[in-house]
Each structure stands twice: as C-alpha cells, then as structure tokens.
Q: 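Quick one: this structure, given as structure tokens, is what I'll be asking you about.
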Amino acid sequence: MPGGPSRVLVVVGEVALADLLSMALRYEGWEVRTEADGVGALRAAEVWRPDAVVLDMPLSGPDGPDVLGRLRRGLPGVPVLYLTAKGAEEDRIAGLTVGGDEHVTKPFGVEEVVAGLRGLLRRAGAEPARTGSRLVVGDLELDEDSREVWRGGREIHLTATEFKLLRYLMRNPRRVLSKTQILDRVWSYDFGGRANVVELYISYLRRKIDAGCCPMIHTRRGVGYLIKPATGDEHSGEPVAVSGG
C-alpha cells in the first residue's frame, strides 16, 4: 500500500501451513491476513483490499479456480500466487486459465513463496522501496532475477538449493539463523529429512563462496549460521538492493 507495508492475503485451509506462511511474510515486513476458505477470502478481498494474494487451490466452499476468477474480477491488477499439489495438473491449468500470475507446487520451501511474492509485488508497483533485483553483502552479489552470483567480480555457479540458501542468508546479513528457520524457509515446509542437511549445504556454499577468500559464512555453535562482509570489507548491516538497469 502507498506509504505503508504491502498487504498480503493468505488463503490456506491447512492451519500449520497458514501459520508458517504468515510468520514468514510478516518477517518480510508485510501486513498479512489469513482466511481458511473461499467465502472468507472473497469477503476479506472486498474489505481489506490486499496488494497480493496467496491462494491454495483445494479450498472448502467455492473451489480454488472459482475463487481465483472472482478475485481477478474484483481486484484487477492484484497479483495472485496460487499453490497446487504435486501432480495436480488440472489445478495448475485451471489457475492459469482464470488469471493466476504464478504458481508454486507443494511441497515447497517457504523462501520460494516469499521470492515469488516479492517479484509479483515489485512488478505490480506495490514494492517501490525494492526496485532492484540484486543483493550485495560486502563483495558478494546475488541477482534474484538472473539467478547469478559473484564474489569480487568472479562468477560463482550454484545449484538451485544452494542459491535459495544463499539468498536467505543474504537477505538477513549479520543475523544468526537457526537450522529450523533455514529448513522452514529453504526446504519443503513438511520436509521429513534430518537437520544435518543444513550443515551439508552450508559446507557446499563455503567451498564456493569462501574458497581462497576471507570467510563470510560463520557458524555460531549451538545457535545457527550467519553471513557478513569479510574483515576489511565492512558494509552496512542491511543488504543493498541494486537496480538492474
């Protein structure tokens, strides 16, 4: 909203997932309202006038595609990110047919939803403070749109998971992030694997980001991990957004 944080309406019937998404989106500084069904979603959209909507396609009451179509008619121009179950091709096609802007397949990492929403809000003009797609921490740069990474001008090639993990760290410079926080944001929200997968991917990132350089990725034993500019290359504690054009 002009002069204030963006408003995001989350329409998800699964309580645990709705709570996790709302917590992550509020962490981004956005105002969040949750509704569990289509009737509540349509009422909230009319009264609250959100800047973006996250919509789970299987809903009680009016079904997902019907709600999406009515949201599109009532809120033209407001982006909608919709969630579909793995293998639910009919829901994905229905969402595109009635005007969904972007879809994420479950199970997903919460960071995937956050990144998708951020891009939709930026393109819709609801996030004027973040016009660039590049994050900069010290001499490390990450372009969210092209998915490219450089350190000291040297390009670094990352896997999809490594990129998501680095992006989450860079959006929270100097902030210690626990394994639980990282698992929730980078891996699937219902990920059943062991927490040591975080240690494994941190080690992968260190080999690529810190190789031959002063380290930027640090461990706080028993607490978590953080990223900060290397010694002698101190920037501000907030990530710098650089315009791509």
Side-chain angles (χ1 to χ4, degrees), residues 20-21 23-30 104 107-119 121-122 127 129-130 132-189 191 193-244:
L20 182 61
L21 284 173
M23 180 176 64
L25 301 186
R26 289 191 179 99
Y27 187 79
E28 292 295 312
W30 299 327
V104 172
F108 51 77
V110 177
E111 183 69 6
E112 189 177 352
V113 174
V114 172
L117 268 178
R118 191 182 295 117
L121 286 165
R122 188 169 64 236
E127 287 283 278
R130 286 183 176 172
S133 64
R134 190 171 295 188
L135 299 175
V136 179
V137 176
D139 63 349
L140 183 63
E141 300 180 53
L142 178 149
D143 191 303
E144 296 185 292
D145 290 341
S146 69
R147 303 183 75 81
E148 294 175 295
V149 176
W150 307 265
R151 181 164 185 193
R154 172 180 62 92
E155 186 171 3
I156 299 169
H157 298 283
L158 302 179
T159 66
T161 301
E162 290 167 351
F163 181 87
K164 288 190 287 186
L165 174 56
L166 181 61
R167 178 175 58 194
Y168 184 41
L169 291 171
M170 290 182 70
R171 285 207 160 269
N172 297 276
R174 302 180 185 276
R175 181 175 291 159
V176 178
L177 302 170
S178 70
K179 289 181 184 178
T180 301
Q181 287 175 303
I182 293 171
L183 280 172
D184 283 344
R185 292 294 292 262
V186 177
W187 276 265
S188 302
Y189 66 94
F191 176 71
R194 293 175 295 177
N196 65 2
V197 72
V198 176
E199 297 174 21
L200 183 63
Y201 273 86
I202 287 288
S203 72
Y204 292 161
L205 275 186
R206 280 181 168 140
R207 290 176 198 169
K208 296 182 178 183
I209 301 301
D210 290 341
C213 306
C214 292
M216 295 183 67
I217 301 172
H218 302 270
T219 301
R220 293 292 181 262
R221 296 204 177 279
V223 184
Y225 304 94
L226 78 156
I227 194 168
K228 63 180 181 178
T231 304
D233 188 28
E234 295 289 319
H235 282 222
S236 85
E238 293 301 318
V240 180
V242 179
S243 176

Q: Have a look at L226 and tell me which of R175, R220, M216 forms a side chain to side chain contact (heavy atoms under 4.5 Å, CB included) with it.
A: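 The passing option is R220.
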Q: Can you tell me how far the CZ atom of R174 sits from the NE2 atom of H218, to the nearest 0.5 Å?
A: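 Spacing of CZ (R174) from NE2 (H218) equals 9.5 Å.
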Q: So, taking the atom named NZ in K179 and the one named CD1 in I202, what distance separates them when rounded to the nearest 0.5 Å?
A: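 K179 atom NZ to I202 atom CD1 measures 10.0 Å (nearest 0.5 Å).
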Q: Are side-chain heavy atoms of L121 and E28 found at a separation under 4.5 Å?
A: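 No, too far: nothing below the 4.5 Å cut-off.
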Q: What's the shortest heavy-atom distance between V114 and W30, and which atoms?
A: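 Closest pair (atom of V114, atom of W30, distance): O-CH2, 4.0 Å.
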Q: Between E162 and T159, is there a donor-acceptor pair closer than 3.5 Å when you use the side chain of the first and the backbone of the second?
A: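 At least one qualifying donor-acceptor pair exists.
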Q: Hey, does L140 have a side-chain heavy atom less than 4.5 Å from the side chain of I227?
A: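 When only atoms from C-beta onward are counted, L140 and I227 do touch, with a gap below 4.5 Å.
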Q: Give me the atom names and distance for the closest heavy-atom approach of Y225 to L169.
A: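 Result for this residue pair: O-CD2, 4.5 Å.
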Q: Hey, is the main chain of R151 close enough, under 3.5 Å, to the side chain of D139 for a donor-acceptor pair?
A: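 Such a contact is absent between D139 side chain and R151 backbone.
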Q: Kindly give the heavy-atom pair with the smallest separation between P173 and V137, and that separation in Å.
A: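 Scanning both residues, the minimum pair turns out to be CB-CG2, 4.2 Å.
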Q: Provide the closest heavy-atom pair for G138 versus V136 in the form atom of the first, atom of the second, distance.
A: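 Heavy atoms of G138 and V136 come nearest at O-CG1, 3.5 Å.
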Q: Between CG of L158 and CG of L166, what distance do you get to the nearest 0.5 Å?
A: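 The CG atom of L166 is 6.0 Å from CG of L158, to the nearest 0.5 Å.
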Q: Is there a side-chain contact between N172 and Y27, using heavy atoms and a 4.5 Å cut-off?
A: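 Yes, at least one pair of side-chain atoms sits under 4.5 Å.
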Q: Which atom names give the shortest non-hydrogen contact between R147 and A160, and what distance separates them?
A: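 Residues R147 and A160, closest heavy atoms: NH2-O, 4.2 Å.
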Q: Would you call R118 and E144 a salt bridge, using N to O less than 4.0 angstrom?
A: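 Yes, this pair counts.
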Q: Do W150 and R134 have side chains that approach each other closer than 4.5 Å (heavy atoms only, starting at C-beta)?
A: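 In short, these two side chains touch, coming nearer than 4.5 Å.
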Q: When rounded to the nearest 0.5 angstrom, what is the spacing between CD1 in I217 and CG in D210?
A: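 Rounded to the nearest 0.5 Å, the CD1-CG separation comes out at 5.0 Å.
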Q: Answer whether the closest heavy-atom distance between the side chains of V186 and V198 falls below 4.5 Å.
A: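 Not touching, per the 4.5 Å side-chain cut-off.
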Q: Let me confirm one number: the NZ-CZ distance from K164 to R185, rounded to the nearest 0.5 Å.
A: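 If we round to the nearest 0.5 Å, K164:NZ and R185:CZ are 12.0 Å apart.
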Q: To the closest 0.5 Å, what do you measure between OG1 (T161) and CD (E111)?
A: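 Between atom OG1 of T161 and atom CD of E111 there are 12.0 Å.
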Q: Between M170 and V149, is there a side-chain heavy-atom distance shorter than 4.5 Å?
A: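 V149 vs M170: side chains apart.
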Q: Verify, without hydrogens or angle tests, whether K208 (side chain) and H157 (backbone) share a donor-acceptor contact under 3.5 angstrom.
A: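 Judged by distance alone, yes, a pair lies under 3.5 Å.
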Q: With Y204, which residues qualify under ring-ring contact (aromatic ring centres under 6.0 Å, His included), at least two apart?
A: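 Applying ring-ring contact (aromatic ring centres under 6.0 Å, His included) to Y204 gives Y201.
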